[in-house]
Visitor: 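The following block contains the structure, expressed as structure tokens.
Atoms within a ligand are numbered from 1 in the order they appear, just like the ligands themselves. All heavy atoms count here, side chains included; hydrogens, waters and symmetry mates do not.
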Amino acid sequence: MTQAAETQAVDEIKIGGLGASRKRVEDSRFIRGKGNYTDDIVLPGMLHMEILRSPLAHARIKSIDASKAWDIPGVHLVLTGEMMATRNLAWMPTLSYDTQAVLATDKVRFQGQEVACVIADDPYIAKDACEAIVVDYDPLPPIVSPKAAVAAGAPVIRDDKENQPDNVIYNWEVGDADGTERAFAQADVISKLQLHYPRSHPSPIECCGSIADFNRATSKLTVYMTTQAPHIIRAAVAMVAELPEHMIRIISPDIGGGFGNKVPVYPGYVCSILASILLERPVKWIEDKTGNLISTGFARDIYLDGEMALRRDGKILGVRMHCDADHGAFFSDAQPSKFKIGLLHSAFAAYDIPAAHLTARGTYSNKAPGGVAYRCSFRVTEAMFFQERMMQAAADDLGMDQAAFRRMNFVRDDDFPHRTAFGFLTDSGQYAKCLDVGLRAIGYEDFRRGQADARARGRLLGLGISTMTEPLGAGNSREYDILGIKMFDSAELKVHMTGKAILRTGARGQGQGHETTWAQIVAHELGIPADDVVVEEGDTDTAPFGMGTYASRSTPVAGAAVAMVSRKIRAKARKLAAHLLEVSEEDVEWELGRFYVRSAPSRGVTIQECAVAAYANMPDGMEPGLENTAYYDPPNLTWPFAVYIVTVEVDPATGVWDVLKTVAVDDCGVRINPMIVEGQIMGGLTEAYAMSSMQFITFDAEGNCVGSNYMDYLLPTAWETPGFELHSEVVTPCPHHPIGAKGIGECAAVGGPAAFVNAVMDALSGTGIRNIDMPLLPDRVWEALTYRRDVYGAPPVRSDD
Ligand code: CDP
């Protein structure tokens, strides 16, 4: 680095620009309990809504008698499916071109499904009134797995749909079937793996909720709600409720975690809106924890089956994968429309593999609708989990060292851009370097020696490696759309006369620190101190149109839009500077926060002086003001890369396993705020540990959801969570992102689970056990060890368990 560049970098850190570990500005309200969440909002005359849910997984509704509920003092309205149907609102479209019942009319199709709503003076009256509603159900046999869904004689769950003779939603494929066939014909070794990625739930601490406020006098509908994608909700409400879009205002205030759970449209939102329109009063619906866990967007629940064609020396020749996805009662995945099973075909993107083929079948079941991108870019978590479990199995089958096998097959640094076997174009990376950093940090060679010694003394130590590359930042708009709406994003920047600025984006953070990091991008581009930039998101009346925040798309798309709008502002400020300095624009040079005359560097004006001039001293003919908007349609996805390595010790007597050390090497390109990036990685690793060790939702044979409360659905607290060692020395800037950044929010949650599972499986190597499905609860590990057998799938638990 030159002296000048070094000085500039130091100056930039001082104003909170790129690379500054600036403290999160939003935390000053959160840590003082001053956050403004949906449930904090109280409007004059507000009523409260509660939902009656189905106790059964599959049953025909013979009748609903709500008369007793209507009679309870304080009840204003009871909504049933029949009433919704008179307004064409009993069903609504899903984000995957299916339909979903808002309130059940004909049948209930999962336990917890919405059957009726009561709107009352307070939530307690509403809850009591729900209990007074009598529903006469005729039970039907429930289906709780894809296998049962396609079994001969299985009842058709979606008999509401014409042309739906069975429970199959789609059959989809991608890749090169013939080329893969040829690769397998040439293989020396074929390695196989079968596993289940269990159903889990994003489980944000704040549940879903909304306050609908329809004002008859202005015809304006304002909805405060817990959504990660306010503009998409506005469009959906306009379509579903047939209201004019410009008269709808969606405000997403502070959100207490989302992780994908708050992308879909839920029946509770629709019912509170209709109730407010009918009653002409604000109607608040706040979901309880069981309601959230039992009925809102689940994740995963897919069965993966695959094989790998290998040359004896370790070269991978081809991969074949099949996926059976359990979508629950309605196909409501929030994902780009073109891809039925999300971006599952991002599997093996970091490896140079000549041919691959993926088939996927989606089926209905009597479970809540699932498939949200839970901290992942549309099924990438499942893709990376299968990839790295398969890599471990293949290396074992070949008798090769785990690290050497991966290194040999990595896409090399000079092979970018690289077209993957499934057709993605990856942009950049230093995969082998990341692996080497990770191996050094974990002390690979020493661990392997110690592992052999320990084994000789009856102790089971294991080391698991996982790598991941994640396609982050959908669009580009050519390939990615949701319900036909192209995926891009936006930023609007207004620089006031005094040089202070307000920035709004179409993204909507839920704890990721956008208010902090977006200001840092402005500081980097314009030299305006980050503290002088206030960031606002989440209000459709003020923010420019955007697709929201999920799939770690904010930095790759909205973050890029922030850089681009700042550059538009700088271009105008340059004209103002030339005017103030009385030179031509071509003679003006830029350094952080200041324009100067090329031939006389001491003559200059600051960006703040330009801001004054934009309102008080602009040249003749120039439009006043210093504000602009940028819409950014990325040319490609960004492709961060990471290596996670975990060591464990397994107690053979109990199946309990303890994490000894976890090392993470993340390359997310340029880090805007290193401290926030580290926080994202730690959070992701915590979720990865949770998924691998304790967190899943299962169902008994009757379709009862087991895991609908925090006694059954285990989230690790600080006490259970192991420590993590993070490494940031590998930085490969994204070649097409304006500031070289790639996404990071999900990487560790995506790549982490395989590292933990691989570590436990490595500890069991030599026992003949090939796979234990997540979560690796002690009893599963114990069962595998004791009976020397794999533990596959999450069979329904017995109802008497
Ligand atoms: O879309 P989402 O905000 O969930 O994910 P992200 O774009 O990966 O960003 C998560 C947080 O990390 C944001 O505050 C980003 O600005 C920050 N980040 C960063 O500082 N540097 C990066 N290279 C990527 C993200």
Side-chain angles (χ1 to χ4, degrees), residues 13 16-27 202 204 228-229 255 257-263 372-378 380 427-429 468 470-475 487 489 491 503 505-524 530 533 535 537-538 546-563 632 634 637-642 666-684 687 726 728 730-734 737-751:
I13 298 294
L18 285 197
S21 281
R22 185 173 178 237
K23 282 193 180 159
R24 290 168 31 115
V25 293
E26 41 274 85
D27 286 351
Q228 299 174 223
I255 301 183
F259 310 109
N261 184 233
K262 292 171 179 167
V263 177
V372 298
Y374 170 14
R375 208 165 183 173
C376 105
S377 192
F378 319 114
V380 178
D427 61 12
S428 59
M468 76 100 236
E470 197 185 2
L472 293 182
M487 298 188 80
D489 234 288
L503 176 86
T505 83
R508 191 6 157 185
Q510 318 109 49
Q512 296 94 326
H514 291 180
E515 289 172 47
T516 309
T517 51
W518 295 165
Q520 293 186 243
I521 298 175
V522 176
H524 169 71
V533 182
V535 176
E537 293 180 333
M547 293 297 278
T549 290
Y550 41 87
S552 287
R553 61 186 300 280
S554 303
T555 301
V557 199
V562 174
Y632 187 77
L637 300 152
T638 69
W639 293 87
F641 180 77
D666 278 90
D667 177 3
C668 59
V670 172
R671 295 183 176 204
I672 303 162
N673 183 321
M675 183 180 66
I676 285 186
V677 168
E678 289 192 357
Q680 297 288 306
I681 297 168
M682 287 192 185
E687 292 195 37
L726 310 186
S728 56
V730 189
V731 177
T732 317
C734 174
H737 188 280
I739 58 165
K742 305 177 180 181
I744 187 64
E746 300 157 344
C747 297
V750 166

Visitor: Tell me: protein heavy atom nearest atom 5 (O) of ligand 1, and distance?
Guide: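 Looking at atom 5 (O) of ligand 1, the protein heavy atom closest to it is Ser552 CA, 3.5 Å.
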Visitor: Do me a favour and list the nearest non-hydrogen protein atom to atom 17 (C) of ligand 1 with residue, atom name and distance?
Guide: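 Protein heavy atom at minimum distance: Ile676 CG2, 4.0 Å.
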Visitor: Are any of the N/O atoms on Arg671, whether in the backbone or the side chain, positioned under 3.5 angstrom from an N/O atom of ligand 1?
Guide: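 N/O-N/O distance under 3.5 Å: no.
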Visitor: I need the nearest protein heavy-atom contact for atom 24 (C) of ligand 1: residue, atom name and distance, please.
Guide: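 Looking at atom 24 (C) of ligand 1, the protein heavy atom closest to it is Lys742 O, 3.2 Å.
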Visitor: Checking the N or O distance criterion of under 3.5 Å, is ligand 1 in contact with Ile744?
Guide: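 For ligand 1, there is an N or O atom that lies under 3.5 Å from one belonging to Ile744.
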Visitor: Out of Val670, Asn673, Val557, whose heavy atom is nearest to atom 20 (O) of ligand 1?
Guide: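 Of the listed residues, Asn673 has the closest heavy atom.
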Visitor: Counting non-hydrogen protein atoms only, what is the nearest one to atom 16 (O) of ligand 1? Give residue, atom name and distance.
Guide: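 The protein heavy atom lying closest is Thr517 OG1, 2.7 Å.
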Visitor: What residue and heavy atom of the protein are closest to atom 2 (P) of ligand 1, and at what distance?
Guide: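 Of every protein heavy atom, Ser554 OG, 3.6 Å lies nearest to atom 2 (P) of ligand 1.
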Visitor: For atom 11 (C) of ligand 1, grab the closest protein heavy atom and report residue, atom and distance to one decimal in Å.
Guide: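 Here the nearest protein heavy atom works out to Gln512 O, 3.5 Å.
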Visitor: For atom 19 (C) of ligand 1, find the nearest protein heavy atom and state the residue, atom name and distance (0.1 Å precision).
Guide: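 Result for atom 19 (C) of ligand 1: Val677 CG2, 3.3 Å.
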Visitor: What atoms of ligand 1 come within less than 4.0 Å of a heavy atom belonging to His514?
Guide: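 Going through ligand 1 atom by atom, the ones under 4.0 Å from His514 are 3 (O).
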Visitor: Considering only protein heavy atoms, which is closest to atom 6 (P) of ligand 1, and at what distance to one decimal place?
Guide: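 Going by distance alone, atom 6 (P) of ligand 1 is nearest to Thr555 OG1, 3.6 Å.
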Visitor: What do you reckon, does Ile672 have a nitrogen or oxygen under 3.5 Å from a nitrogen or oxygen of ligand 1?
Guide: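 Yes.
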